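A short worksheet on the structure shown next.
Every chain is numbered from 1, with letters handed out A, B, ... down the list of sequences. The shown structure was predicted, so the numbers you read here are calculated from the model rather than taken from an experiment.
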Number of protein chains: 2
Amino acid sequence: MSKKIFLTQLKKEGKLFPAEGRHISDDELINLTVKELNRLLKGLTRDEVVKLKQRRRTLKNRGYAANCREKRLSQKEILESEKDKLKNEVDRLQRENDVVKMELSALRSKCQAMDRFATLHDIRVLPPPIIVSSASHENSVIVKTEPLSLTMSDAMSVS
Amino acid sequence: MSKKIFLTQLKKEGKLFPAEGRHISDDELINLTVKELNRLLKGLTRDEVVKLKQRRRTLKNRGYAANCREKRLSQKEILESEKDKLKNEVDRLQRENDVVKMELSALRSKCQAMDRFATLHDIRVLPPPIIVSSASHENSVIVKTEPLSLTMSDAMSVS
DNA sequence: GTGATAAGTTAGCAT
DNA sequence: ATGCTAACTTATCAC
């Protein structure tokens, strides 16, 4: 899109339509206090007063409109940036979620492996063995075991 | 905010300003094809032609402007709904994250407990005991153990 | 009167 | 010619 050059821009800057009998620029007129305006209005015809006041009002409205447009734009930008922020948050959480799920999965494997290992090797909870005979035969001892035994999980009350 | 009743609404509906010499309503004029318009323009003065065409253009522009505003509004609504959707997604992921983290934490506890339990009870990996004597004395057997033994974690190569 | 905003008008661009 | 959109103007409302 090429740059737009509005005739209204020139008009706005007071470079067009020198205005019959205008003695004050748009910029000046718009920035007068009511007091100053009234002073300026002294000695003007009723028609001139009305026209000048109307011009001031229109100029003010022009500013309000510009304001309004800018506000609309900035609110849109705010909305978009909030949306972007949320999108990033979603990504972050999604990634974090993936990581935690992988950790969970890995840990589950480890736990299952431990359970399986314990089962496979029949690791059971036994009361401390009671030495029956202290006379050992090549690394061997005579022990007494209780018939009661539990799996590790049972003993820990762990699922 | 109370309902706004614009004079321009009446003007738009052609109920105000009966228009000097107008023989066609806004609605009709705006919906003419170019062909129909040209037929209508026959026999009018150059000035009347220009004015009628200008009126048509203005009416069309009025519609375009309304269009433009509506589009602006709907895009804003889309933005907001997308934002809401993302916000919900963030909430959902956050909750899911919390759940998974709790699970992970619980499982970690379980694993640690198993490790501690194994250590506490000195559960070690031993080769299958070798029965030295089948003659048992009240629930006791004579077994031979190897001096080699590993912790459960070591044996599983698990951290 | 001042400021805001919806609707309408105008200017300018693009197709 | 048609459609769109930024800027402007007008009509209205709230304060």
Side-chain angles (χ1 to χ4, degrees), chain A residues 1-17 19 22 25-42 46 49-79, chain B residues 1-17 19 22 24-42 44 46 49-79:
Chain A
M1 229 189 271
S2 60
K3 189 182 287 188
K4 293 184 179 183
I5 301 177
F6 289 93
L7 288 185
T8 44
Q9 182 62 24
L10 301 176
K11 178 177 161 196
K12 182 177 176 182
E13 292 167 9
K15 292 174 182 171
L16 221 52
F17 308 135
R22 185 198 296 175
S25 74
D26 288 352
D27 206 48
E28 289 170 315
L29 180 56
I30 211 176
N31 287 314
L32 288 178
T33 63
V34 180
K35 223 179 256 282
E36 292 169 329
L37 180 63
N38 285 331
R39 203 176 307 136
L40 192 70
L41 258 31
K42 300 272 185 186
R46 216 165 294 303
V49 168
V50 170
K51 280 199 173 146
L52 199 59
K53 281 191 166 189
Q54 183 51 51
R55 181 156 76 94
R56 181 179 151 95
R57 174 64 168 161
T58 301
L59 289 172
K60 292 249 186 191
N61 279 334
R62 187 185 297 169
Y64 303 146
N67 231 356
C68 200
R69 282 191 298 274
E70 202 179 339
K71 180 179 172 185
R72 199 194 295 139
L73 284 182
S74 70
Q75 284 181 339
K76 184 182 160 199
E77 280 167 19
I78 288 173
L79 260 184
Chain B
M1 230 189 269
S2 60
K3 189 182 288 187
K4 293 185 178 182
I5 301 175
F6 289 94
L7 287 185
T8 44
Q9 181 62 24
L10 301 176
K11 178 177 160 194
K12 182 176 176 179
E13 291 167 10
K15 291 174 182 170
L16 220 52
F17 308 135
R22 184 197 295 175
I24 183 170
S25 74
D26 287 351
D27 206 48
E28 288 170 316
L29 179 55
I30 210 175
N31 287 314
L32 289 178
T33 63
V34 180
K35 222 179 257 284
E36 292 169 328
L37 180 63
N38 285 331
R39 202 176 307 134
L40 192 71
L41 258 30
K42 299 272 186 188
L44 295 185
R46 212 161 301 301
V49 167
V50 169
K51 281 204 172 140
L52 199 60
K53 281 191 165 187
Q54 183 50 50
R55 181 156 78 93
R56 182 178 150 94
R57 174 65 166 160
T58 300
L59 289 171
K60 291 250 186 191
N61 279 334
R62 188 184 297 169
Y64 302 146
N67 230 357
C68 197
R69 280 192 293 274
E70 201 180 338
K71 179 180 173 185
R72 201 195 294 141
L73 283 181
S74 71
Q75 284 181 339
K76 184 182 159 197
E77 279 166 19
I78 289 173
L79 260 184

When we call it a touch if two heavy atoms are under 4.0 Å apart, what does R56(B) touch: a base, just sugar-phosphate, or nothing? sugar-phosphate
Report the residues that fulfil side chain to side chain donor-acceptor pair (under 3.5 Å) with E36(A), sequence neighbours left out, ordered by chain and then residue number. T33(A)
Checking dG3(D), dG1(C), dG3(C) against the side chain of V34(A) (C-beta onward), the nearest is dG1(C)
Do the side chain of R69(B) and the base of dG8(C) come within less than 3.5 angstrom through a donor-acceptor pair of N or O atoms? yes
Integer-rounded Å distance: dA4(C) P and K71(A) NZ: 7 Å
T33(B) or A65(B): which one's nearest nucleotide on DNA chain D is closer to the 5' end? T33(B)
What is the distance from CD of Q54(A) to P of dA11(D), rounded to the nearest Å? 9 Å
Gap between atoms CG and C1', on N61(A) and dG1(C) respectively (whole Å): 12 Å
Between C1' on dT5(D) and NZ on K76(A), what's the gap in Å once rounded to a whole number? 12 Å
Which whole-number value in Å describes the distance from R62(B) CZ to dT5(D) C1'? 18 Å
Looking at D27(A), I want to see if its CG is surrounded by more than 12 non-hydrogen atoms of other residues, nucleotides or ligands under 6.0 Å. no
To the nearest Å, how far apart are L37(A) CG and dT2(C) C1'? 13 Å
Note: for C68(B) and K53(B) on DNA chain D, the residue whose nearest nucleotide lies more 5' is K53(B)
Could you give the CG-to-P distance, from L59(B) to dG8(C), as a whole number of Å? 11 Å
Mind jotting down which residue pairs meet the side chain to side chain donor-acceptor pair (under 3.5 Å) criterion with at least one end in residues 70-79 of chain B? Sequence neighbours excluded, please. none
Please report the shortest heavy-atom distance between I24(B) and R55(B), naming the atom on each side. O-NH2, 3.0 Å
Roughly, in whole Å, what's the span from CZ in R57(B) to P in dG3(D)? 9 Å
